[in-house]
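Here the structure comes first, spelled out in structure tokens, and everything after it is commentary.
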Amino acid sequence: MTPRSKAAATILLAAALASLPVLLHGIAAGDDFQFHLLSWLDAQQSWRHGIPYPHWAPNANYGAGEPRFLFYPPLTWMLGAALGLLLPWKLVPATLLFLLLAATGFAIRALARESLPEAPSTLAGCIAILSGYALYTAYARAAFAELAGGFWIPLLLLFALRDRKPRAATWSRALDGSTIPLTLIVAGAWLSNVPVGIMASYLLALVAVVSALLARAWFPVLRAGIAVVLGLGIIAFYLLPAAWEQRFVNVEAITDIPIFRIENHFLFPWHIDPVLSVHGIGLSFVASLLAIAILSVLAFLLRQKFSTLPLNDTESRRWWIALGVVPVVVLALHFSISAPIWRLLPRLRFLQYPWRLLLLVEASTGIFFAAAVWPGRSSRLWQRVTVGLLCSLLLVGSLEFSVRRLLLQRDQSGLAEMLTDYRSGIGMDGIQEYAAPEWNNSRVAIGLPDACFTSDPAVILGAGGTSEDNPNWRPEQGTCLATAAATLRQPEHLRIAMTTRQSGYLILRLRSYPAWRITVNGYRVATIPRDSDGLIDIPVPAGQIAVAVDWTTSPDVIIGRIISVVSLALLAALYFGERKILRID
């Protein structure tokens, strides 16, 4: 085998070892798994009805739905849905985890290869796969979308720091073939996960400024600016509607809930909200990972002082310093003194927890640790074998500890039960931030008919329920004078036909949203807002009625698509421009 194929096999083995416990024991019932599973299933349902890019998740809120796909980035829920078409659902979580972790390892190896040989670069990739934060994200939280950041972040660093023509003019240095991939990386980060997109954007700004100061040239800032503008333009088809239509839902409220406030998750805080039962993911866990990152940087610098490592030229020095600044800045942002930064920088508070920034440290930790411990080029074979075995034992120990403490000590997913509930038509919980501020997801009754005819539009449907458990609707409760089943019920289309003896109101098992176009007997009608459950409530006349509800394409969606097309055209022009500059030089 060639060194490159050995490196690839090693990274794939590390990703397989990290994924195997999920295959054997199931994914833990973490914060995100039910959300992801419902997204995959509902995306598949939309695809089967000819909707390639859905907006509405029809089975959320127990069949009333929510505009989840309008706001949640599409890459990972599309990937999960696609895997569900190809594989049994039992294999999907482990397979998706394997793909994301393997991509992370290969991306960090590619970044490390800019300054390190093959063996320590491969070790850096394996460290990232089997590090504490990646395994915590996978095992305890099942946050697949956030795991995708492990792939995008090192690639962003790779192309942001690259300088292929150090003696060329500013434009030639910026457009050296790195701008287009950097643009696609910015777009990919935002299309994977909003917190990842926010972190990637600020990280790009940080390394561009640091790199520009060290190089005493503007090309890193110029390249980063082009990448951000074009990258956000390419994803305007998603980003513009998601930003514009936030006024219809309660996304902003997630930064006001105590458990999601940045101030309640600092290291060594001056105070902590008394309603919180836990302090983030644990002071010791965050502190230990940050300590490993900083100690790896210090160990590398100490070794550099007493031996020959690749810091002998200006370009290498710029690369290593820019990479080393990342864990230092992340550490600073975990202390309460950084609170003004969290308040002032736009959208930074959407991260909810400062420890999410540990994602940015994975690449630096792996690379600096590998560079610090791996023997030099003049070392003997036994030295390299010894270090390799010791690192392997350390990583296997990290994996074993994570499986026992993160995966096996949590409730397993109950994947079979979730699938049974979904296929029964009962539906699943919704997400509160995708509802209007005056609505409460826990007030949506379980078991509602497709349409409930009533004389009182404010009638309460369902009985029982608590602040956490939804009420249940049954016919014998008498809240509906008549009910009707849909003649057509698809993710973005609904048809109801029934005959009523008197005029009244028809409450649909469908959440209200401005994009719905509702007609009764062919005439457009306005809905009556229901403050408690948010269901669509429409006035209907006596006699035969035919109700049609269809999802419409709003102007912001059209404008977003136009911007994306224009940005893609500009990206194509940039591609030919970069090729021309490279030929001239």
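Quick caveat, the model's predicted, so the values are computed rather than measured.
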Only pairs under 3.5 Å count here: list side-chain donor-acceptor contacts from residues 358-372, not counting sequence neighbours, and write none if there are none.
unit_1	atom_1	unit_2	atom_2	d
S364	OG	L323	O	3.0
T365	OG1	V361	O	2.8

Can you tell if the side chain of [X] reaches within under 4.5 Å of the side chain of [Y], non-hydrogen atoms only?
X	Y	value
Y238	L70	no
P354	F335	no
V330	L290	yes
L23	L91	yes
L390	V373	no
F33	L415	yes
R223	D176	yes
S131	L289	no

Do you know the tightest heavy-atom contact between [X] and [Y]?
X	Y	answer
P21	A18	CD-O, 3.5 Å
S211	P220	OG-CG, 3.6 Å
G231	T183	N-CG2, 3.4 Å
S115	W319	OG-CE3, 3.4 Å
V221	A212	CG2-CB, 3.8 Å
R349	E263	NH1-OE2, 2.8 Å

Open item on the list: Treating T122 as the side-chain partner and A7 as the backbone partner, does any N or O pair qualify as donor plus acceptor under 3.5 Å?
Closed with: no
- [ ] Spell out, as yes or no, whether a donor-acceptor pair under 3.5 Å connects the side chain of R113 to the backbone of L116.
- [x] yes
Say you draw a straight line from [atom1] of [X] to [atom2] of [Y]; how long is it, rounded to the nearest 0.5 Å?
X	Y	atom1	atom2	value
Y72	H36	OH	NE2	4.5 Å
L130	L17	CG	CG	7.0 Å
R356	I262	CZ	CD1	9.0 Å
R317	L214	CZ	CG	9.5 Å
L20	L97	CG	CG	10.5 Å
I108	S121	CD1	OG	11.0 Å

TODO: Any chance you could lay out the side chain to side chain contact (heavy atoms under 4.5 Å, CB included) test for Y139 and V403, step after step, and finish with the verdict?
DONE: CA-CA 7 Å; Y139 294 166; V403 170; 3.7 Å; yes
Open item on the list: Before you tell me yes or no, could you show the steps for W374 and C391 under side chain to side chain contact (heavy atoms under 4.5 Å, CB included), namely the whole-Å CA-CA distance, both residues' side-chain angles and the distance that decides it to 0.1 Å?
Closed with: CA-CA 10 Å; W374 195 257; C391 290; 5.7 Å; no
TODO: Verify the ring-centre separation between W40 and F144: is it less than 6.0 angstrom?
DONE: yes
Task: W152: which of L203, L184, L75, T104 passes side-chain contact (heavy atoms from CB on, under 4.5 Å) - done: L75
- [ ] Mind running side chain to side chain contact (heavy atoms under 4.5 Å, CB included) on L204 and L182 for me, showing each step along the way?
- [x] CA-CA 10 Å; L204 180 56; L182 187 59; 4.0 Å; yes
TODO: Please state whether the rings of F71 and Y434 are parallel, tilted or perpendicular, taking 30° and 60° as the class boundaries.
DONE: parallel
Open item on the list: Show, in sequence, the C-alpha distance, side-chain angles and deciding distance for R109 and E118, and conclude whether the side chain to side chain contact (heavy atoms under 4.5 Å, CB included) test is met.
Closed with: CA-CA 8 Å; R109 172 189 166 275; E118 188 73 70; 2.6 Å; yes
Open item on the list: For W342 and S338: C-alpha separation, side-chain torsions, deciding distance, then whether side chain to side chain donor-acceptor pair (under 3.5 Å) applies.
Closed with: CA-CA 7 Å; W342 289 96; S338 68; 3.3 Å; yes
Open item on the list: Other residues, nucleotides and ligands only: do more than 12 of their heavy atoms fall within 6.0 Å of CH2 on W89?
Closed with: yes
Task: NZ/NE/NH1/NH2 to OD/OE distance under 4.0 Å, E66 and R68 - done: yes
TODO: Under the side-chain contact (heavy atoms from CB on, under 4.5 Å) rule, collect the residues that match up with A143, sequence neighbours excluded.
DONE: D32, T137, R141, E146
